[in-house]
Student: 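I am attaching a structure below and will ask some questions about it afterwards.
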Amino acid sequence: MRKKVLAILISGLVIFTFVSLAISGVEKKKKDDLYRQVELFADSLAIVQNEYVEEAKSKDLIYGALKGMLAALDPHSQFMDPDTYNELKVDTEGKFGGLGIEITIKDGLLTVVTPIEDTPAWKAGIKTNDRIVKINNEITRDMSLSEAVKKMRGKPGEAVILTILRESEKRILEFKIVRDIIKIKGIKEARILEEGIGYIRLIEFRENTPQDINIVLDKLIKEGMAGLILDLRNNPGGLLDVAVKVAERFIEKGKIVVYTKGRQPSQNIEFISRSSHPLLNLPMVILINEGSASGSEIVAGALQDYRRAIILGTKSFGKGSVQTVIPLSDGSALRLTTSKYFTPLGKVIHGKGVMPDIVVEDGRIELAKAPEKAEVSENVFEEIKSAQIPAKEEKPFDYKSDNQIMRAADILKAVKFYKK
């Protein structure tokens with residue numbers, strides 16, 4: 001019996017040793033490969049320093065290499081030199097002159113996520129998925145997000161010329177937009193439409209949004225609200241914790257609103273609803289479109305997963321990655337994508353978006369055919385011919401002319417009738 005136990009222990013030890021050696025072998029191979037690549041980089045750096053036609057500073061070469069390395073990961077990761085990092089801190093703390101558009105890099109092209117309502121870009125007629133091919137006649141190919149933002153921001157009152165490729169219309173358009181101080185009210189509209197149907201248009205998740213939405217919800221309830229349309233169309237997101245606080249007003253306490261998942265355990269975070277008095281019995285429809293991104297997708301995704309609201313409109317943008325700013329010793333910093341957002345049921349948001357329960361596109365309930373994509377030639381930037389279009393006119397709020405709102409109202413009326 002002892003011999004048998006001893007044999008089992010020896011076998012287990014042999015297996016453990018073999019597995020440990022295999023793992024250490026894999027780790028050693030990874031380290032050896034890294035060392036070889038670092039050696040390749042060091043050799044290239046030495047050659048450039050010695051052979052380049054002009055003397056190059058080591059700092060400039062290292063910074064350039066770091067910028068290229070981070071840019072090769074994804075459009076949102078970035079190396080920031082000390083000046084760029086300081087500008088980022090100023091931007092998050094103070095006011096600035098801008099155009100009022102959320103941008104990203106999509107399919108290798110600088111792309112509008114959404115124009116923010118009531119800003120210069122919105123009034124000029126910029127649309128979601130417009131491709132920005134020139135900024136002040138400078139081609140945006142190979143331009144980073146931070147560089148593009150820097151060129152569009154600046155002194156209020158000064159004009160910026162954007163050359164836009166609008167693939168849906170197969171047209172090149174030119175917009176002259178005057179910078180302004182971007183002041184955004186999180187809630188654009190809050191009212192009773194008809195027959196007890198409340199309507200809230202939320203255009204961004206800002207610091208004071210949770211307090212504002214509580215105030216308007218209390219007001220609408222006192223006015224007899226029996227159902228709610230929450231309009232998140234063209235809402236580019238904003239603050240993550242604010243999006244969570246908005247969502248938790250409509251779901252049970254203790255439920256997951258959204259969670260992040262990365263390679264490191266510290267990047268795996270669950271955001272739990274903590275509202276002590278959520279509105280659980282209020283019928284809801286949430287409106288989304290291709291301009292709904294980030295925080296909007298978190299709210300819509302959570303309420304859809306819990307079957308707490310009907311999602312109506314078109315598929316959202318699909319912007320759901322988390323960037324962490326990591327300061328470095330010389331005052332520079334890395335802006336690194338470290339995790340992605342997932343809905344409570346584990347659906348990934350980034351690159352996928354939120355699919356509505358009921359598709360209402362361009363005023364039609366049935367799903368329309370996708371517009372034919374414009375062929376973009378290699379010489380598109382050289383072949384651009386500018387065309388002017390009239391600026392968007394300010395119109396009073398008229399929900400009856402908005403087919404998506406009316407379809408949402410019909411759903412809430414049906415729910416009310418069914419309950420009776």
Side-chain angles (χ1 to χ4, degrees), residues 30 34 37-38 62-94 96 102-106 110-111 113 143-150 153 204-207 209-210 235-248 256-272 274 293-299 301-302 316-344 346-354:
K30 285 183 179 178
L34 177 62
Q37 299 303 324
V38 170
I62 296 297
Y63 275 17
L66 287 170
K67 286 178 181 178
M69 179 176 70
L70 272 292
L73 298 175
D74 66 72
H76 305 288
S77 294
Q78 173 196 3
F79 170 74
M80 297 180 284
D81 58 39
D83 289 340
T84 305
Y85 182 37
N86 285 330
E87 283 179 11
L88 174 70
K89 289 188 283 188
V90 170
D91 286 346
T92 57
E93 293 167 3
F96 57 88
E102 181 88 7
I103 59 172
T104 189
I105 293 177
K106 188 177 180 181
L110 195 63
T111 305
V113 175
M143 188 182 288
S144 70
L145 277 175
S146 60
E147 289 172 329
V149 169
K150 191 173 180 179
R153 286 182 180 174
E204 194 174 36
F205 295 92
R206 301 181 68 78
E207 192 174 352
T209 300
N235 182 323
L239 301 174
L240 169 62
D241 62 321
V242 171
V244 171
K245 287 177 181 177
V246 170
E248 71 183 11
I256 294 174
V257 176
V258 66
Y259 66 92
T260 62
K261 192 173 181 181
R263 290 177 61 195
Q264 303 300 327
S266 61
Q267 295 155 1
N268 301 335
I269 304 170
E270 292 182 346
F271 295 85
I272 308 297
R274 304 188 187 283
S294 192
S296 300
E297 295 171 299
I298 287 171
V299 173
S316 64
F317 190 86
K319 185 172 180 280
S321 60
V322 182
Q323 283 72 45
T324 303
V325 176
I326 305 166
L328 300 177
S329 58
D330 68 341
S332 59
L334 302 179
R335 187 172 185 261
L336 190 65
T337 299
T338 52
S339 56
K340 292 182 178 179
Y341 294 129
F342 293 82
T343 69
K347 292 181 284 189
V348 66
I349 291 173
H350 195 70
K352 303 290 185 182
V354 175

Student: Given side chain to side chain contact (heavy atoms under 4.5 Å, CB included), test Ile272 with Ile256 step by step and report yes or no.
Tutor: CA-CA 5 Å; Ile272 308 297; Ile256 294 174; 3.6 Å; yes
Student: How close do Ser321 and His76 get, counting heavy atoms only, and between which atoms?
Tutor: OG-CD2, 3.9 Å
Student: Calculate, to the nearest 0.5 Å, the distance between atoms NZ and OG belonging to Lys67 and Ser77 respectively.
Tutor: 15.5 Å
Student: Measuring from Lys352:NZ to Thr343:OG1, what's the distance to the nearest 0.5 Å?
Tutor: 13.0 Å
Student: Go through Phe317 and Glu102 one step at a time and tell me if the side chain to side chain contact (heavy atoms under 4.5 Å, CB included) criterion holds.
Tutor: CA-CA 12 Å; Phe317 190 86; Glu102 181 88 7; over 6 Å; no
Student: Please report the closest heavy-atom contact between Glu204 and Arg206, naming both atoms and the distance.
Tutor: OE1-NH1, 2.9 Å
Student: Closest heavy-atom contact between Gly346 and Tyr259?
Tutor: CA-OH, 3.3 Å
Student: Run the numbers on Leu328 and Tyr85 for side chain to side chain contact (heavy atoms under 4.5 Å, CB included), then give the verdict.
Tutor: CA-CA 10 Å; Leu328 300 177; Tyr85 182 37; over 6 Å; no
Student: Within the distance-only criterion (no hydrogens, no angle test), does the side chain of Ser316 pair as donor or acceptor with the backbone N or O of Val354 below 3.5 angstrom?
Tutor: yes
Student: What's the separation between atom CG in Leu334 and atom CD1 in Ile326, rounded to the nearest 0.5 Å?
Tutor: 5.5 Å
Student: Between Gln267 and Thr260 (side chain of the first, backbone of the second, donor and acceptor by atom type, cut-off under 3.5 Å), is there such a pair?
Tutor: no
Student: Report the C-alpha separation of Thr209 and Val246 in whole Å, then their side-chain angles, then the decisive distance to 0.1 Å, and conclude whether the side chain to side chain contact (heavy atoms under 4.5 Å, CB included) test is met.
Tutor: CA-CA 8 Å; Thr209 300; Val246 170; 4.1 Å; yes
Student: Measuring from atom CD1 of Ile298 to atom CZ of Phe271, what distance do you get when rounded to the nearest 0.5 angstrom?
Tutor: 8.0 Å
Student: Quick check: closest heavy atoms across Val325 and Ala333, and the distance to 0.1 Å?
Tutor: CG1-CB, 4.1 Å
Student: Which value, rounded to the nearest 0.5 Å, describes the distance between Leu240 atom CG and Phe205 atom CZ?
Tutor: 10.5 Å
Student: Taking all non-hydrogen atoms of both residues, which atom of Pro210 and which atom of Val242 are closest, and how far apart?
Tutor: CD-CG1, 3.7 Å
Student: Can you check whether Gly262's main-chain N or O pairs, donor with acceptor, with Asn268's side chain at less than 3.5 Å?
Tutor: yes
Student: Supply the atom-to-atom distance Leu110 CG to Ile105 CD1, rounded to the nearest 0.5 angstrom.
Tutor: 6.0 Å
Student: Which heavy atom of Ala302 sits nearest to which heavy atom of Pro344, and what is that distance?
Tutor: CA-CD, 3.8 Å
Student: Do other residues, nucleotides or ligands put more than 12 heavy atoms under 6.0 Å from the NZ atom of Lys340?
Tutor: no
